[in-house]
Amino acid sequence: MSYSSERPPERVTIPLLQRWKQEGRRVAMTTAYDAVTARITHHIVDIVLVGDSVGNVCLGFDNTLPVSVAMMNHHLEAVARTKPRALLVADMPFLSFHISPEETIRNAGGFLQRGADAVKLEGGSNRVEMVRALVDCDIPVMGHLGLTPQSVNVMGGFKVQGRTTDQAKRLLDDAHHLQEAGCFALVLEGIPAELAARATEYLTIPTIGIGAGPNCSGQVLVFHDILGLIEGYRPKFVRAYANGFQLLQDALSSWVADVREGAFPTPQESYRVPDNVRDEIAKWTPADPS
Ligand code: KIV
């Protein structure tokens, strides 16, 4: 059997994720917002998310609310051009799935036309109508419950959710309703480990945790957090596997020092002309303007 060289045979698909849930194989998901990060990630992780976290991670916003469909399209297209091996999921930004099923389908369908395999949207039972509309158009949907960053104003900040009995039961009800509506997986963000474990045990679809403890079907962290690229406050659920910020600054400082000392570039890093051209260049004087 021959396969396209651009798409390795082990491409991650939604049926494969469902099988992994049954087999208990844990799923690793991270974010990518451009072609460079996508190429680093997509032969290593199972799911690449073009997250609306691009807003605060890359675009300098305080939260994800200003991120638009046009911005997401721009970043999704860059990632999709790398033809990821991982399942490629595009985040639906604030207001792109709230107004009507028609507008939701058009925005999500646009993501699939740009190369996404699926979309992700935040919210629980209040979003079931939109999830059903998308699934009905063969647009696979990943749900997102718990600390949903687009609800920052309702939550009064980025606070752990589901700590009271009422909140916990509501989250489990929401998870059930999203699965019934056709979601193929759920992100569980910023909730107690026991609650995420109960949801994972109950649901037949995979759960992907972030700040939701170890007993989810998989884990997601933002790429820049895994690599320690973000200076300053680091939430408790983030484990940085490199001090990328320092590493990159050190490399850049070495280059600047070489430039200032005249140690960069060397003859090996420079282009040459043949000897006769070099002699002519040496003899050159400005031509008479007349
Ligand atoms: O936008 C994002 O990066 C996310 C993940 C953190 C789940 O939604």
Side-chain angles (χ1 to χ4, degrees), residues 17 26-34 37-38 40-42 45-69 71-76 78-79 84 86-97 107-108 111 116-124 127 131 140-152 155 158-162 171 175 178 183-191 196 199-200 205-213 216-227 229-230 233-240:
L17 288 175
R26 290 201 177 87
V27 176
M29 162 165 146
T30 191
T31 55
Y33 313 116
D34 57 38
T37 46
I40 294 171
T41 61
H42 72 68
V45 302
D46 305 310
I47 305 177
V48 167
L49 171 71
V50 184
D52 64 348
S53 52
V54 67
N56 37 296
V57 175
C58 295
L59 303 179
F61 296 124
D62 291 337
N63 55 48
T64 56
L65 297 180
V67 176
S68 65
V69 172
M71 291 176 199
M72 290 302 298
N73 282 339
H74 179 73
H75 291 276
L76 169 62
V79 172
L87 189 85
L88 180 56
V89 179
D91 230 349
M92 301 220 47
F94 183 57
L95 285 189
S96 70
F97 57 98
N107 289 328
F111 288 166
D117 299 308
V119 300
K120 175 171 86 56
L121 57 82
E122 297 182 10
R127 301 290 164 236
V131 172
V141 184
M142 177 181 274
H144 186 160
L145 289 174
L147 193 173
T148 44
Q150 291 172 14
S151 317
V152 57
M155 296 181 300
F158 297 105
K159 296 182 178 155
V160 174
Q161 304 292 300
L171 185 134
L178 289 173
C183 282
F184 72 91
L186 284 189
V187 167
L188 299 176
E189 177 164 357
I191 62 170
T200 305
I205 57 174
T207 58
I208 318 284
I210 172 164
C216 297
S217 320
Q219 296 290 327
V220 52
L221 277 183
V222 166
F223 175 87
H224 295 63
D225 284 336
I226 300 171
L227 295 180
L229 289 168
I230 297 174
Y233 171 72
R234 181 175 294 163
K236 140 183 181 141
F237 62 83
V238 169
R239 188 186 298 174

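Here the structure is a predicted model, which means the values were calculated and not measured. Note that ligands are numbered from 1 as they come in the structure, with each ligand's atoms numbered from 1 the same way.
Ser53 OG, 2.5 Å is the protein heavy atom nearest to atom 3 (O) of ligand 1.
Contact annotation: the side chain of Asp91 never approaches that of Phe111 to less than 4.5 Å [non-hydrogen atoms, C-beta and beyond]. A 4.5 Å side-chain heavy-atom check between Phe158 and Leu147 finds at least one atom pair inside the cut-off. Here the side chains of Val69 and Pro93 are in contact, with some heavy-atom distance below 4.5 Å. Inter-residue side-chain proximity for Val131 and Phe97 is flagged as unmet; no heavy-atom pair is nearer than 4.5 Å. Two residues are said to be in side-chain contact when any heavy atoms from C-beta on lie closer than 4.5 Å; Phe223 and Val57 fail this criterion. For the pair Leu88/Leu76, a side-chain contact is recorded, criterion being any heavy-atom separation below 4.5 Å from C-beta on. Side-chain contact between Met142 and Ile47 is present, with heavy atoms from C-beta onward closer than 4.5 Å.
Checking each of Val79, Val89, Thr31, Asp34 against Val50 for a side-chain contact (heavy atoms from CB on, under 4.5 Å) leaves exactly one that passes, namely Val79. Results of the side-chain contact (heavy atoms from CB on, under 4.5 Å) test with Val152 over Thr64, Asn63, Asp62 single out Asn63 as the only residue that passes.
Look at Lys120 and you'll find a heavy atom under 4.0 Å from some atom of ligand 1. The closest approach between a heavy atom of Glu122 and any atom of ligand 1 is not below 4.0 Å.
Within ligand 1, counting atoms from 1 as listed, the ones closer than 4.0 Å to a heavy atom of Asp91 are 1 (O), 2 (C), 8 (O). Residue contact check: Asp52 has heavy atoms under 4.0 Å from atoms 1 (O) of ligand 1. Using a 4.0 Å cut-off to heavy atoms of Ile210, the atoms of ligand 1 that qualify are 6 (C).
Proximity annotation for atom 4 (C) of ligand 1: of Leu49, Ile208, Ile47, Val57, Leu49 comes nearest, heavy atoms only.
Residue Val54 does not touch ligand 1, judged by heavy-atom distances below 4.0 Å. Under 4.0 Å from ligand 1, not a single heavy atom of Leu221 appears. In Thr64, neither the side chain nor the backbone holds a heavy atom less than 4.0 Å from any atom of ligand 1.
Checking only distances, Thr31 never comes within under 3.5 Å of ligand 1, N or O to N or O. For ligand 1, none of its N or O atoms has an N or O atom of Tyr33 under 3.5 Å away. When only interatomic distances are considered, the shortest N/O to N/O separation between Glu189 and ligand 1 does not fall below 3.5 Å.
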